[in-house]
Structure formats: structure tokens, C-alpha cells
Amino acid sequence: MRIIVFIVNASIQLLGSALGFFMLLMGLNGFNEKEAMPGLIFYVIASCMGATLLGGVSAAVAKLLVDKKAVGSLAASAIAIPLFLIIGVGLWLVIFIASTLVVSFVHDWK
């Protein structure tokens, strides 16, 4: 069960991050390649780390719910996956804003 929760949550997070990457590319339209590259690299690394972290934590929470015998494995999965997808949207927004700030700082620094 934990593996399935991890795979489902991490893959959905990565798909959302891929969509966010293309939105970031559109948002960085006015910057040249040297200025935009640090922000893009930051976004890719932070998104991959965030997806892995949220997938692992959601699997741990699902296992914790099952171990405490609060709910069954199917219900624990149904609780953990949407909960951490919502948290992932918030994390995605933070990463998106941070990567645009990185690009802005690089642009102003030159």
C-alpha cells in the first residue's frame, strides 16, 4: 500500500511540476537564457525533491493511519493522497515564486 501511495502521489506531483515548468517558461519570456537558467535549474531540482518528499511523507502518513487502526488501507490511501496533493499545490506555488525571484535577482545583479 505504501508503495502505491508513494507512486501515485509522486507521479501526480511530477506531472503538475511539468505543467508548472512550462508556465514558468512562458513567464520568463522576456529574460535571456543566461538570466533564466538559474531559475529553471532551481525549479527542476526543487520540484523533483518536493515530489519525492511529499510522496514519501504521504506513504508514511498512510502507514501511520493503518498502524493506529484508525482506518483501513484503502481509506488511508484516500485520505493521504488528496491531502498531500493539496499541500503539493502550495509547495509548487512557493517553488514557482522562488524560482522567479532567483531569475529576478540574477537579472538585477548584472
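Index from 1, following the sequence.
Here the closest non-hydrogen pair linking A98 and F42 is CB-CE2, 3.6 Å. Q13 approaches A51 most closely through the heavy-atom pair CB-CB, 3.6 Å. Minimum heavy-atom separation, A76 to V66: CB-CG2, 3.7 Å. Here the closest non-hydrogen pair linking S17 and S47 is OG-CB, 3.5 Å. Of all heavy-atom pairs between M23 and F96, the closest is C-CE1, 4.1 Å. Listed here is the closest heavy atom pair of G16 and W92: O-NE1, 4.2 Å.
The cluster map of Ile, Leu, Val, Met, Phe, Trp and Tyr, joined by side-chain heavy atoms under 4.5 Å apart, puts V5 and L85 in the same cluster. Using a 4.5 Å cut-off between side-chain heavy atoms of Ile, Leu, Val, Met, Phe, Trp and Tyr, with links allowed through other members, L74 and L64 fall into different hydrophobic clusters. Placement of F22 and L28 within a single hydrophobic cluster is found when ILVMFWY residues are connected by side-chain heavy-atom separations under 4.5 Å, directly or transitively. Linking ILVMFWY residues whenever their side-chain heavy atoms come closer than 4.5 Å, directly or via other members, places L93 and V103 in the same cluster. In this structure, L54 is not a member of the same hydrophobic cluster as F6, with clusters built from ILVMFWY side-chain heavy atoms closer than 4.5 Å.
In N29, the CG atom is not crowded: 12 or fewer heavy atoms of neighbouring residues, nucleotides or ligands sit closer than 6.0 Å.
Between I87 and V57 there is no side-chain heavy-atom pair separated by less than 4.5 Å. Looking at L25 and L40, their side chains come closer than 4.5 Å, going by heavy atoms from C-beta outward. Contact annotation: the side chain of L24 approaches that of S99 to within less than 4.5 Å [non-hydrogen atoms, C-beta and beyond].
The distance from the CD1 atom of I97 to the OG atom of S104 is 12.5 Å, given to the nearest 0.5 Å. Interatomic distance, L19 CG to L15 CG, rounded to the nearest 0.5 Å: 9.5 Å. Here the CG-OG distance, from L83 to S58, works out to 9.0 Å after rounding to the nearest 0.5 Å. To the nearest 0.5 Å, atom CG of residue L101 and atom CG of residue D108 are 10.5 Å apart.
A donor-acceptor pair is defined here as one N or O able to donate and one able to accept, closer than 3.5 Å; no such pair exists between the side chain of Y43 and the backbone of T100.
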